[in-house]
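A short write-up of the structure that comes next.
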Amino acid sequence: MRKDSTVYVTKEDKEELIKHIDAVNEILNKYPYSNNHSDHFVTTMSRAKSFSKDAQKWIGYLDVQ
């Protein structure tokens, strides 16, 4: 028989994570991805915004116990 490998977080911890990542995204949203609009230009800001959005998505997937 296979054991459940899910890691659960508390509802309160998930809410806290969501609150913090929302605050991070709110700050980052004040700034453009780049000042250079060429097609293949990646900035630290664009990476920060992308990683923050990904973190927000994955935090939403966390299972609550």
To the nearest 0.5 angstrom, please state how far the CG atom of D22 sits from the CG atom of L17. 10.5 Å

Nearest heavy-atom neighbours spanning A55 and I21: CB-CD1, 4.0 Å

Please report the interatomic distance CD1(I18) to CG(D13), rounded to the nearest 0.5 Å. 11.0 Å

So for atom NZ, which belongs to K11, do other residues, nucleotides or ligands contribute more than 12 heavy atoms lying within a distance under 6.0 Å? no

Looking only at heavy atoms, what is the nearest atom pair of K49 and Y31, with distance? NZ-O, 2.6 Å

Would you say V24 and F51 are hydrophobically clustered, going by side-chain heavy atoms of ILVMFWY under 4.5 Å? no

Counting C-beta onward and ignoring hydrogens, is there a side-chain heavy-atom pair between T10 and E15 closer than 4.5 Å? no

Between atom OG of S52 and atom CD of E26, what is the distance when rounded to the nearest 0.5 Å? 11.5 Å

About how many Å separate CE of M45 and CG of L28, when rounded to the nearest 0.5 Å? 5.5 Å

Which heavy-atom pair separates Y33 from T43 by the least distance, and what is that distance? O-OG1, 2.6 Å

Do any N or O atoms from the side chain of K14 and from the backbone of V9 form a donor-acceptor pair under 3.5 angstrom? no

